[in-house]
Amino acid sequence: MTSSNELNGAEALVHTLLKSGVDTCFANPGTSEMHFVGALDRIPGMHCVLGLQENVVTGMADGYYRIAGKAACTLLHCGPGLANGMGNLHNARRARAGIVNIVGDQATYHRPLDAPLTADTEGMARTVSHWVRTSMDVGDVGRDAAVAVQAANEVSGQISTLILPADSSWNQGGVVAEPLPPQMPPPIDPHAVVNSARVLHGKKNVLILLADKATHAPALGLAWRLAQATGADLLASYSNAHMQRGRGRVALERVPYGTDAAIEALSRYEHIILVNAVPPVGFLHIQASPQRNTHPTLSCTFCRGSIRTRWRLFRRWLMSWAHPRRLF
C-alpha cells in the first residue's frame with residue numbers, strides 16, 4: 001500500500017480503482033459524494049459518465065460488463081439512491097455481471113442523528129450484492145476498494161457495494177492499495193465429470209444446457225464438438241449476460257421463456273447436463289401449472305468451474321470409450 005497524508009479518502013479510492021483496472025464510472029452523485037466527484041476531476045484516467053437517474057446508472061454498468069467483460073463502478077447517493085438503482089442491479093446479479101457500487105453515506109458521527117437520507121444502506125445493498133462493506137475510517141478506503149474489485153472480478157462476475165461515509169471521503173490520510181490477484185475458479189468436481197461422460201456415452205435423449213461464460217467462444221465451440229461426438233443436443237438457459245452469435249459461430253438456441261413452450265422443448269430429454277446452469281424452472285407459478293419445466297423423473301448433473309478444465313476432462317474420459325476420433 002502507498003500512504004500519503006496529502007491524499008484524502010476519495011483520492012485514495014480513485015487511485016486504487018484505477019490500479020485495480022476499473023477505469024469507468026457511471027455516476028448520479030449528491031452532496032455526500034462531492035469529494036469523490038472532485039477526485040475524479042483531479043485524477044486523470046477515470047472516464048466518468050453521468051446518468052440522470054440511478055437505474056440508468058446501474059443499467060449502464062451492467063451493460064458495460066456484458067460487452068467489455070470487466071467491471072465498472074457506479075456512484076450513487078446514499079441509501080435512497082441505491083434503492084432507486086436496485087431494479088437493474090437485480091438484473092445484473094441474475095446475469096452474473098461484475099459491478100463495484102460506490103454508495104455515499106452520512107458522516108459517521110452524523111448517522112446517529114437520523115438525518116432525512118439516513119437508511120439501512122448495508123441491509124438494502126445485501127439484497128442485490130455478493131459483497132458489502134462500509135469504510136468507517138479513511139485509512140481503510142483503499143484496502144476496501146481493492147477487495148471490492150477483487151470480489152466483482154470473480155470468474156462469474158459479482159456485485160460489490162462499498163459504502164463511503166462522507167468523512168471517510170474528505171478526511172486526509174488516504175492509503176492507495178495495490179490490486180489484489182483474481183480469485184481462482186472453484187475446483188471441478190471429478191465425480192460430476194465422470195457421471196456426465198458416462199451419461200453422454202451411454203444414454204439417449206441427453207441435453208447439454210449452457211449458461212454464463214459457457215455460451216462464449218471458445219467454450220461454445222468445444223461444447224458443440226462434444227455434442228456432435230455424442231449425439232447430445234445443445235441449448236442455452238433463457239437468461240444469459242452475453243451470447244456470442246454471427247457467421248462462423250454455433251447457432252445456439254435458448255430454452256423458451258413461456259412455461260408451456262419450455263416444457264414442450266424439454267419434454268423429450270431424459271437427462272440434462274447443466275454447465276454453469278441451473279435446472280429450468282417456470283418464471284412464474286400459477287395454479288395447476290408445473291413449477292419446473294422438465295419431467296419429474298428427469299435427472300440432472302451439475303458441472304461448474306473452469307470451462308477449459310471441464311472440457312479437457314470430458315474429452316479425456318470420452319476418448320477412453322469408442323469412437324474417440326469423432327471428438328475432432
Count the heavy atoms of every other residue, nucleotide or ligand shown that sit under 6.0 Å from CH2 of W170, and state whether that count exceeds 12. yes
Between P29 and M34, is there a side-chain heavy-atom distance shorter than 4.5 Å? yes
Is a side-chain donor-acceptor pair under 3.5 Å present for D167 with T108? yes
Are M124 and L162 grouped together when hydrophobic residues (ILVMFWY) are joined by side-chain heavy atoms under 4.5 angstrom apart? no
Are V141 and V149 co-members of a hydrophobic cluster defined by side-chain heavy atoms under 4.5 Å apart? yes
Between the side chains of T215 and Q244, is a donor N or O closer than 3.5 angstrom to an acceptor N or O? no
Do M60 and I102 sit in one hydrophobic cluster, given that two such residues count as connected whenever their side-chain heavy atoms are within less than 4.5 Å of each other, even indirectly? no
Please report the interatomic distance CG(L13) to CD1(I43), rounded to the nearest 0.5 Å. 9.0 Å
Close side-chain approach of V138 to N8, heavy-atom, < 4.5 Å: no
Sidechain N-carboxylate O distance under 4.0 Å for R42, E11: yes
Pair D140, S135 - check side chain to side chain donor-acceptor pair (under 3.5 Å), show working. CA-CA 6 Å; D140 298 334; S135 293; over 6 Å; no
Is there a side-chain contact between S20 and L180, using heavy atoms and a 4.5 Å cut-off? no
With the threshold set at 4.0 Å, does a side-chain nitrogen-carboxylate oxygen contact exist between K70 and D23? yes
To the closest 0.5 Å, what do you measure between NE2 (H130) and OG (S160)? 9.0 Å
I'd like to know if the side chain of N240 reaches the main chain of H242, judged simply by a donor and an acceptor atom lying under 3.5 Å from each other, with no hydrogens or angles considered. no
Are side-chain heavy atoms of I208 and V275 found at a separation under 4.5 Å? yes
In this structure, are over 12 heavy atoms from other groups packed under 6.0 Å from R126 atom CZ? yes
Side-chain heavy-atom pair D233, Y269 within 4.5 angstrom cut-off: yes
Value for NZ (K203) from NE2 (H201), rounded to nearest 0.5 Å, stands at 12.5 Å
Treating R249 as the side-chain partner and G221 as the backbone partner, does any N or O pair qualify as donor plus acceptor under 3.5 Å? no
Rounded to the nearest 0.5 Å, what separation is found between the SG atom of C73 and the CZ atom of F36? 5.0 Å
Looking at N101, T161, N88, which one forms a side chain to side chain donor-acceptor pair (under 3.5 Å) with T74? N101
Is there a donor-acceptor pair under 3.5 Å between the side chain of E154 and the backbone N or O of A151? no
Test item: S32 and H77 side chains (from C-beta on) under 4.5 Å apart, heavy atoms: yes
Nearest 0.5 Å, please: how far is CZ in R254 from OG in S239? 7.5 Å
Is there a path from V100 to L164 through hydrophobic residues (I, L, V, M, F, W, Y) whose side chains come within less than 4.5 Å of each other? yes
Neighbour count above 12 (heavy atom, 6.0 Å) for Q183 CD: yes
N/O donor-acceptor pair under 3.5 Å between T58 side chain and E54 backbone: yes
Please check: side-chain N/O of Q150 versus main-chain N/O of P182, any donor-acceptor pairing under 3.5 Å? no
Indicate yes or no: does K204 engage E270 in a salt bridge with an N to O separation below 4.0 Å. no
Verify the cluster assignment for L75 and L17: are they in a single hydrophobic cluster under the rule of side-chain heavy atoms below 4.5 Å apart? yes
Could you state the interatomic distance from CG (D105) to SG (C78), rounded to the nearest 0.5 Å? 5.5 Å
So H191 and V193, do their side chains get closer than 4.5 Å, heavy atoms only? no
With the side chain counted from C-beta on, respond yes when T24 and Y64 share a heavy-atom pair under 4.5 Å apart, and no when they do not. yes
Steps toward side chain to side chain donor-acceptor pair (under 3.5 Å) verdict (T134, E122): CA-CA 8 Å; T134 300; E122 281 199 4; 2.6 Å; yes
